[in-house]
2 protein chains.
Amino acid sequence: MSDTANTRPTLSAVAARAGVSASTASLVFSGSGPVAEATRERVLEAASALGYAGPNPTARSLRRGRTGIVGVVTEDRLGDAFRDPINLALLDGLGDELADEGLGLLVLPWSPGSRADLAAAPMDAAVLLGCSADLAGSVELLRRRRIPLIAIEAPPLDGVVPIDLDNADATRRGAELLRELGHERVALVTLPLDIDRLRAPLTPEREAEATAYTAMERIRGAREVFPDATGVSAGASTVAEGYVAGRALLDVPGDRPTAIIAQSDLLAVGAIRAAEELGLAVPTDLSVLGFDGARLDGITSHVLTTLAQPAVEKGRAAGRAVRASLVGEMPAGVALGAELRRGETVAPPRA
Amino acid sequence: MSDTANTRPTLSAVAARAGVSASTASLVFSGSGPVAEATRERVLEAASALGYAGPNPTARSLRRGRTGIVGVVTEDRLGDAFRDPINLALLDGLGDELADEGLGLLVLPWSPGSRADLAAAPMDAAVLLGCSADLAGSVELLRRRRIPLIAIEAPPLDGVVPIDLDNADATRRGAELLRELGHERVALVTLPLDIDRLRAPLTPEREAEATAYTAMERIRGAREVFPDATGVSAGASTVAEGYVAGRALLDVPGDRPTAIIAQSDLLAVGAIRAAEELGLAVPTDLSVLGFDGARLDGITSHVLTTLAQPAVEKGRAAGRAVRASLVGEMPAGVALGAELRRGETVAPPRA
DNA sequence: TTGTAGGCGTTATCAC
DNA sequence: GTGATAACGCCTACAA
């Protein structure tokens, strides 16, 4: 048994066995330079004899100054971040765009529960996903590392490339539709306002302390049309939470809202279920507006009237920005738009 | 402006500025060794003056022989792999278990569409996720790299630590329940049989060439009770696919099956919808058995009779196996069991 | 076409 | 407590 049996073979071991120098062997594997056919074969033979699996990625990274890894920072536990269909679509787009470059995704949860060590994670660039103001700390850290930063729907941050959605404007357009139909009492079901994800009525105090950028932008857009609109914040973007929120808004004495602006389609579906359980027909007794426009497997509902966002394209745009920043460019930010898609869940209020 | 303005500062730059040696500065950051308080402060001061963000992760990895990264190899595009609630739960468990150790997850899709470069990805261990026989090639590669391998529900592979579920036995127990109730014509709706994910009737030929281990094990378990059972394979584990499969099985002339064994809850829900659309009541006209037992947000259905599997625990077990293998142990495999959970979707066949 | 030399940024070891 | 030295495994000028 040879003495190299137990330790990973190195390039020089292979070179030695093949009777060439390490640099020549290196050329065989990197392909960046001419090597005589005979030499190449001897090297490959030595490699397979030794069980050499190719250059050590870490050493190569150090030498080249590139890891081939892109970090994806999420504000949830892994599973939760990926439970949102919009994030999944985004991930598809991002993954596609990066896979071509041989870049891998390193998932970095940055939530109160478990937070990855952003200081120690090897990466060439990072995409900030469920962005809120709470991210400021992590951004600071990554910036010191001089890691190019791409943020999806985040408040403007110095030196961070924004991939934005017109959350406020899109919501405003949706709200205008409701107003044109004659609605006046409109309630909101929002995404979580911060990492505490408290499920509770909106209050000026809570809004003042909110950190979730997307949620706040959508609220802002709604208020441009219905300045006094209030409502409840959900604990997550799920049908179950939408249902709870819907009950809270609809199962009340006195005047109910005639329309609900939900900040995601899942929340909208939940609200609709709450309404129907209370004997309210959608859209005759209650109009419901959603947000996202992603296909929801297995969740039956009316055809939602919703603000459809280009989620896959968001991911692609982020991927392109990552690639640009890796070749030293400072990529321009991207602003994407959501589109009002007319379904069957809004109508004039009952006379 | 100093001449170090444009390049990432290094540990020795910091050391130089603080007037100490690199090794001493290193101790300040790694904390592994005694450093005089005054020295420490001077070093930290120099670091912040230079904008040093801590030791370069790649260099550290090279030196320490550890990257702090665990690869997760999936057989789908990212988005698709994470669309399955079972995988999400598993990821939660795995992430939890690894986060404590400061280990990050590097997602490596290994599908015909986009396959990560398993030879070049830095990692200390890998978890094989949507495992099928097609993985053999990638396993071979990773094994040559001497990377500890943990496989979730995979066919036995030399040197790979298995985290198994009793797919065959659990399905058999479910099938036995159906037989005891008096069912004789039982049809299967299976998970995809291979990476082609063809949606089509089961045939001996297709089964012979199938590579998806979990699907085949569950088929095997069903056949222990209903040796002649046949059915259709779905193109994915979704309600939509379950619906299509259900139509194919139920919307036929002649004797319909009186029971369906679906290989996931999503498929089961789809099959139930197909049945009801055809005017068949569940469970009176048709019994449906699911698999998984995960909570499905927003997907309303009967309370499923299903084989509930410990998905989070699967992830945790994999995480523990990873940790063990990183300290040089060869972890024992783990065998987990699914439990028959009686819901309201099975009943005796109509007389 | 091949080899030599040097360094990527750290940290472990061992002296002092 | 601190510092010199070497090594982790590879790649790339440059020289031969």
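Residue numbers start from 1 in every chain, and the chains themselves are labelled A, B, ... in the order their sequence lines are given, proteins ahead of strands.
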Interatomic distance where CZ belongs to B/R42 and C1' belongs to D/dG3 [whole Å]: 13 Å
Report yes or no: do A/D124 and A/T67 form a side-chain donor-acceptor pair below 3.5 Å? yes
Report the C-alpha separation of A/V72 and A/T74 in whole Å, then their side-chain angles, then the decisive distance to 0.1 Å, and conclude whether the side-chain contact (heavy atoms from CB on, under 4.5 Å) test is met. CA-CA 6 Å; A/V72 178; A/T74 72; 4.2 Å; yes
CD (A/E45) with more than 12 external heavy atoms under 6.0 Å: no
Could you tell me how far apart B/R63 (CZ) and D/dC8 (C1') are, to the nearest whole angstrom? 6 Å
Separation of C/dA12 atom P from B/F29 atom CZ, nearest Å, is 15 Å
What is the minimum heavy-atom distance between B/S32 and B/L27, and which atoms define it? O-CD2, 3.2 Å
Has the side chain of B/S26 got a donor or acceptor atom sitting under 3.5 Å from an opposite partner on the base of C/dA12? no
Side chain of A/A36 (C-beta onward), nearest among D/dG9, C/dT2, C/dT11: C/dT2
To the nearest Å, give me how far apart CZ (B/R145) and P (D/dC10) are. 11 Å
Below 4.0 angstrom from OP1 or OP2 of C/dT1, is there any side-chain N or O of A/R40? no
With the side chain defined as heavy atoms from C-beta on, A/P34 is closest, among D/dC10, C/dT1, D/dT2, to C/dT1
Under 4.0 Å between any heavy atoms, over every strand shown, what does B/T10 touch: base, sugar-phosphate, or nothing? Just pick one. sugar-phosphate
What is the separation between atom CG on A/L27 and atom P on D/dT12, rounded to the nearest whole Å? 9 Å
Is B/L62 touching bases, backbone alone, or none of the nucleic acid, heavy atoms closer than 4.0 Å? base
Donor/acceptor link under 3.5 angstrom from B/R60 side chain onto base of C/dT10: no
For A/T39, report the nucleic acid contact type (base, sugar-phosphate, nothing); a contact means any heavy atom under 4.0 Å. sugar-phosphate
Would you tell me if any nitrogen or oxygen in the side chain of B/Y52 comes within less than 4.0 Å of OP1 or OP2 on C/dT10? yes
Would you indicate which nucleotide in D/dG9, C/dG3, C/dA12 comes nearest to any side-chain atom of A/T24? C/dG3
All heavy atoms of B/M123 vs all of B/G71, minimum pair found to be SD-CA, 3.7 Å
Send over the distance from A/L50 CG to D/dG9 C1', rounded to a whole Å. 15 Å
Counting C-beta onward and ignoring hydrogens, is there a side-chain heavy-atom pair between B/R60 and B/P55 closer than 4.5 Å? yes
Whole-Å distance separating the CZ atom of A/R8 from the P atom of D/dC10: 11 Å
Between C/dG3 and A/S21, is there an OP1 or OP2 to side-chain N/O distance shorter than 4.0 Å? yes
For atom CG of B/N56 and atom P of C/dC8, their distance in whole Å: 12 Å
Of the options C/dA12, C/dG9, D/dC10, whose atoms approach the side-chain atoms of A/L11 most closely? D/dC10
Under 3.5 Å, is there any donor-acceptor pair linking the side chain of B/T58 to the base of C/dT10? no
